[in-house]
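Have a look at the structure below, then the notes.
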2 protein chains.
Amino acid sequence: MNEVTNENPKLTEREQSILHHVVYNYIQTAVPVGSRYISKHLEKNLSPASIRNVMADLEETGFLSHPHTSAGRIPTDLGYRFYIDYLMEMQQLGDDEKLRIQQQLHQTNDADEMLRETSKLLGKISHQLSIVTSPHLSSGIFEKIELIPIASSKLLVVISIRTGMVRTIILEVGAEVPRDHLDQVGRMINERLAGLTLKEIRDTFVDRVRDVQNEKTGLIRLFVDSVDQLFTDSKEREKVIIGGTKNIVDQPEFVDPKNFRSVIELIENEDIIVHLLERHDESQRNYVVTVGTENKEETTKEYSFVTATYDVGGVTGRVGIIGPTRMNYGKVIPLVDYVARAIAKMLSS
Amino acid sequence: MNEVTNENPKLTEREQSILHHVVYNYIQTAVPVGSRYISKHLEKNLSPASIRNVMADLEETGFLSHPHTSAGRIPTDLGYRFYIDYLMEMQQLGDDEKLRIQQQLHQTNDADEMLRETSKLLGKISHQLSIVTSPHLSSGIFEKIELIPIASSKLLVVISIRTGMVRTIILEVGAEVPRDHLDQVGRMINERLAGLTLKEIRDTFVDRVRDVQNEKTGLIRLFVDSVDQLFTDSKEREKVIIGGTKNIVDQPEFVDPKNFRSVIELIENEDIIVHLLERHDESQRNYVVTVGTENKEETTKEYSFVTATYDVGGVTGRVGIIGPTRMNYGKVIPLVDYVARAIAKMLSS
DNA sequence: CAGAGCACTCATGCACAGCGAGTGCTTACC
DNA sequence: GGTAAGCACTCGCTGTGCATGAGTGCTCTG
């Protein structure tokens, strides 16, 4: 754990080594780490005083800080960032953990429940809060629509996505629409929307049916009005599964009830999380880590997010964990990454 | 608030009056109440010493206790029970609160979201944890079934309930089944199950289709095998919506992190709550209150539950709140009751 | 530039005292 | 016999003072 793994721009080797130790130890113990301690554990023998000099430099550069005069140093968000990018070694995932994850995934074949349970497990293994979003259907490709009358004024709309997912919505229709007319409208929609993604449909549906907009039963008009409801996964708005609250409160940061509040705030306010996940989604890389203030939100400025995308034929979702910035990134990142791949594999089979 | 509202068996009028004061004040302040305080506020002038005597009696009978020698008295579960049954006055619900509830209910027409938001509001108004269960379909009456092929090996089953609710399930069928055969099977099932509740169907489906069990495509066999999945509301198992965590942590009992843990335990372990709600369901009365140890569960022995049923044409669900035994029953009970009625009205329209 | 020495700063823990709320008990009164 | 007054006692809570120790910053020397 002491080698510097990657090349990097700004810091001398000694500075890096000491920063590494500070971050590593602080992550393990949650106690500010002092010069004496590092002096003892550093392979290269340096006196505490020398180390203090380096530390002071690192503090000036913005990688470290200390809570009060006579306390050890703790990493700043910038310090964590440097640690993650250049110093940290990924920890291999244990075989037993892999096994637990696989078992959990195969325990049920209800996708929703699978995600929920996996979320719980993720929380348990990482001792953090875990988040899982249901697959976004937006980028899924439309296969076909079916219209089934189920009561005089109710219409069941079934939309199939190419990967095999299905979405059903109930619409209120003004008056009863004859079966053959329904079939006819259905056929027409199927022809016009074939091969598009749901997102494309949302954006262009009005144009695509403009010529038939005034069709007699008002059905097309109803569809136009409900296009958001129909082609937006209702789950997208709210369905972020949060689990593992029990685990995160064991973290030493939560002896202070103030932090307690903030985590509950986070759990209740799913919007914040959804918002942040969207930003993660824009990234190209497979997994994304944001540290503390890097997520602009005030509420989350003391938390880090590690998320990864799972992709099932264009339909994607996210899994990840949330925890105090002082988190074991080296362990959590491979874990999240592994779970994401496992879910993708599971869902595509 | 000082009149004794109901007749009751065991206690003298003075004892009741004092018990009333102790419980009432403790609910308001969360501070053990002493004899001196009561002496000052009691309309009938009694010295602290006399009140202490009565209190000692009440303690012996099991209605009061005190945490340590030099502290005031706090009610036991039994004390709360007596208070609820005989002493308490119901508080009228404020017009503004009624308004907020009505507004919330009409904000969306998605039933699930409506319940979720109402739960949040209930938590906010009561400053407690709120629980809402989705309607149990079990006692709903089957209206019709429809079978729609959506992919070569997938079948969408749509089950309508008389009150207008609809449940959709996707089944994997071994091989493709021709459309006309599907229709034929659908018609048959519709005939045989008409007018039954889902629960009855679950219990007797096998018998009702025994004669056609070996029909060529294996469709009936598939239905028999999946009867639980088809006719049990998937939501029944898990769908209890818990909201208002943010509010309950403001309660003074949660300055102790130990209690914090227990409430999180409760939230994560929905099973416990579901289990308790089942017990509440058996009650005949419209609303049910259980205090502390009255719910046998170890985890909930410091919490009280107030729940009420909402009933939409035989399909029922529960709404309620959970909080420390020291809760404002006089306010919470009418609130829960009102919300239950409002939801029922909302859903049946 | 490394390291030793030293003064200084704080957080933490502990013991101790004082306060005040409240009780229980005894005794006196009507 | 119920009511009240007096008094000693208990116990939690708070504030203070003090010792401890970890850790720093700075300076000076090799």
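Just so we're on the same page: letters track the sequence lines, and every chain starts at 1.
Across the protein-nucleic acid pair, Ile51(B) atom CD1 and dG22(C) atom P stand 12 Å apart, rounded to whole Å. Atom CD1 of Ile18(A) and atom P of dT24(D) are 11 Å apart (whole Å). The interatomic distance linking Asp57(A) (CG) with dT24(D) (C1') rounds to 15 Å, in whole Å. Rounded to whole angstrom, the span from the CZ atom of Arg36(B) across to the P atom of dC7(D) amounts to 17 Å. Separating the CD1 atom of Ile38(A) from the C1' atom of dG23(D) is a distance of 12 Å, rounded to the nearest angstrom. One can place CG of Asn25(A) at 12 Å from P of dG23(D), the figure rounded to the nearest angstrom. Going from atom NE2 of His68(B) over to atom P of dG22(C) covers 10 Å, rounded to whole Å. In this structure, Lys40(A) atom NZ and dG23(D) atom C1' are separated by 13 Å, rounded to whole Å.
Evaluation of the salt bridge (Lys or Arg N to Asp or Glu O under 4.0 Å) test over residues 319-331 of chain A, restricted to residues two or more places apart or in two chains, returns Glu97(A)-Lys331(A), Glu253(A)-Arg326(A).
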What's the verdict on side-chain hydrogen bond (donor to acceptor under 3.5 Å, both in side chains) for His127(B) and Gln251(B), showing C-alpha distance, side-chain angles and the deciding distance? CA-CA 8 Å; His127(B) 292 282; Gln251(B) 300 283 351; 5.6 Å; no
Could you walk me through whether Arg100(B) and Asp95(B) pass the salt bridge (charged side-chain N to carboxylate O under 4.0 Å, His left out) test, one step at a time? CA-CA 9 Å; Arg100(B) 275 171 81 191; Asp95(B) 285 339; over 6 Å; no
Hey, mind stepping through Phe260(B) and Phe260(A) against ring-ring contact (aromatic ring centres under 6.0 Å, His included) and telling me if it holds? CA-CA 9 Å; Phe260(B) 231 117; Phe260(A) 231 116; 3.4 Å; yes
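Side-chain to base pairing of Ser70(A) with dT9(C): one donor and one acceptor N or O lie within less than 3.5 Å of each other.
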Every protein N/O within reach of nucleotides 4-6 of chain D N/O, cut-off under 3.5 Å:
{"residue": "dA4(D)", "atom": "OP2", "partner": "Ser47(B)", "partner atom": "N", "Å": "3.2"}
{"residue": "dA4(D)", "atom": "OP2", "partner": "Ser50(B)", "partner atom": "OG", "Å": "2.8"}

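Here the options are Val319(B), Leu277(B), Ile241(B), the test is side chain to side chain contact (heavy atoms under 4.5 Å, CB included), and the partner is Ile131(B); only Leu277(B) passes.
Nearest heavy atom pair, residue Gly62(B) against residue Leu78(B), reads O-CB, 3.5 Å.
Checking the phosphate oxygens (OP1, OP2) of dT24(D), a side-chain nitrogen or oxygen of Ser35(A) falls inside 4.0 Å. Phosphate proximity of dT23(C) to Thr69(B): absent, as no side-chain N or O sits under 4.0 Å from OP1 or OP2.
A salt bridge does not link Arg81(B) with Asp77(B): none of the charged nitrogens is closer than 4.0 Å to a carboxylate oxygen.
Taking the side chain of His66(B) as heavy atoms from C-beta on, and the options dC11(D), dT23(C), dC10(C), the nearest nucleotide is dT23(C).
The stretch residues 72-79 of chain A has no heavy atom under 4.0 angstrom from DNA chain C at all.
Note: Phe82(B) and Tyr86(B) have tilted aromatic rings, judged against thresholds of 30 and 60 degrees for the angle between ring planes.
Other residues, nucleotides and ligands contribute only 12 or fewer heavy atoms inside 6.0 Å of the CD atom of Gln92(A).
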